[in-house]
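Below you'll find the structure, written out as structure tokens, and then a few comments.
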Protein chains: 2
Amino acid sequence: MISRVESAAATRRALLAAAADLLDSGGLDAVTLRAVGARAGVTRGAPYRHFPDKESLLIAVGTQAWEMLGQRMQALRADSGLSPAEKVRGGLSTLIDIGRRQPHLYKLMFSNPPGDPTALARAAQRSQTEFLAVVADLVGEQEARRYAALLISSANGIAGMEASGLLADPKWGGVTAADLTDTLVGMIRATFL
Amino acid sequence: MISRVESAAATRRALLAAAADLLDSGGLDAVTLRAVGARAGVTRGAPYRHFPDKESLLIAVGTQAWEMLGQRMQALRADSGLSPAEKVRGGLSTLIDIGRRQPHLYKLMFSNPPGDPTALARAAQRSQTEFLAVVADLVGEQEARRYAALLISSANGIAGMEASGLLADPKWGGVTAADLTDTLVGMIRATFL
DNA sequence: CTCGAGAGATGACAACGTCATCTGAAACTC
DNA sequence: GAGTTTCAGATGACGTTGTCATCTCTCGAG
């Protein structure tokens, strides 16, 4: 038997999953409270029992994504079979892969909401901390913060360029996101050798 | 006396200016066709005489911004008082400055519309070509395309991180967008010396 | 002078986010 | 176990939005 609080929690999860699905398949415009409710098996008003408004629901979806990324970053850092450079490259690739596979979710993760300007930074905490530690192994504690910020920013930009189709321009000679990541990590490594 | 076509063109310009103003001050949500019309001195239906739909209006605003950036890039390239490295740095700073001063416009410039996936790439053509030439002066024709793509992507990412407030996190030790740009250009220069 | 074209105004419609209110069942009190 | 509280969900309504069909009026060509 399912208790009332269990059922409520299940609905909340269903709403989050529905919103994430709709975001993936149809973009932000497809995420309407009515559609989310319908996909979760409830009506349009039900989400208001779990989230104060639509923006909060989207923040929750983005936070969920950041948390999963944080776990992957931690696993990457803990992987003893990889060199520091490989870990850095892996971290960047992980981020860029989200941008490629789930461009709308990715955009959500980096678009901070007007209502709560700190929501993103809070959600991104763990991912960034893990990545910072990985970078420190490569470039040392002294310069870690600057280079970690640069690397995350660059990876973010590469993913964004790819998502908006700007990288596909023949002007760039068919360069891929992976090429740019390699170039970047190569430059970092050359700088610290 | 103003002719009819002149007045129509003036309305079109007024609509574009109104949309850009509203975007700057209140973000994308503030750009409603009714508000744009009101600010341009017409009613809500008038924009449909100049743009097929709202998305087209926004594309036009973004295209305008890309064109102005293209002009600035050209002027930068033509400036004989700057070294190649300074030109590259200037180009990146110009882009990042737009991100800082007009974050909503900046986001629009890099957010590819569902209706016309090639609109952005077309609008960005000139800016990218100019920047490509500047980069070629620094790293040579051979590697110019890859590094230009990397630099634009990175600048884009830096601007995005700054705009979403993720750079302000104390974790990064108070690093600024300018710091990251300098670090990036410094690495490029070191690689090609 | 006539008339077609086109810019703008206006009314209407469906979809949206949101709120107030209602309903019913689970959970708690005695 | 009966009565009461609580809360997830359903429903109706409202204001706003993008968009379309239709109407008006004025400018410019013939």
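Every chain is numbered from 1 and lettered A, B, ... according to where its sequence line falls, protein lines coming before strand lines.
Between the CZ atom of B:R49 and the P atom of D:dT24 there is a distance of 15 Å, rounded to whole Å. As rounded to whole Å, 14 Å separates atom C1' of C:dG17 from atom CG of A:L28. Here the P atom of nucleotide C:dC16 and the CG atom of A:L57 are 15 Å apart, to the nearest Å. Whole-Å rounding puts the A:R12 CZ to D:dG9 C1' distance at 16 Å. Whole-Å rounding puts the B:R44 CZ to D:dA21 P distance at 15 Å. When the P atom of D:dG9 is taken as reference, atom CZ of A:F51 falls 11 Å away, rounded to whole Å. Straight-line distance from the OH atom of B:Y48 to the P atom of C:dC13: 17 Å, rounded to whole Å. Rounded to a whole Å, the NE2 atom of A:H50 is 8 Å from the C1' atom of D:dG9.
Side-chain atoms of B:S154 and B:N156 form no donor-acceptor pair, as typed in the model, at a separation below 3.5 Å. Looking at A:T94 and A:D97, their side chains never bring a donor and an acceptor atom within 3.5 Å of each other.
Of the charged side-chain nitrogens involved, at least one lies within less than 4.0 Å of a carboxylate oxygen, so that A:D21 and A:R39 count as a salt-bridged pair.
The shortest non-hydrogen separation linking B:V31 to B:L58 is CG1-CD2, 4.1 Å.
Linking Ile, Leu, Val, Met, Phe, Trp and Tyr residues whenever their side-chain heavy atoms come within less than 4.5 Å places A:I96 and A:V175 in a single cluster.
Counting heavy-atom neighbours within 6.0 Å of B:R126 CZ, excluding the residue itself, gives a total above 12.
Expressed to the nearest 0.5 Å, how far CE of B:M187 lies from CG of A:L184 amounts to 6.0 Å. Rounded to the nearest 0.5 angstrom, B:L180 CG and B:M161 CE are separated by 8.5 Å. Taken from CD1 in A:I158 to OG1 in A:T181, the straight-line distance is 4.5 Å, to the nearest 0.5 Å.
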Detail all sub-3.5 Å separations between protein N/O atoms and N/O atoms belonging to nucleotides 15-17 of chain D.
none

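Side-chain nitrogen and oxygen atoms of B:T11 include none within less than 4.0 Å of the OP1 or OP2 phosphate oxygen of C:dA7.
Interface residues of residues 35-43 of chain B facing DNA chain D, ordered by number: none; criterion, heavy-atom separation under 4.0 Å.
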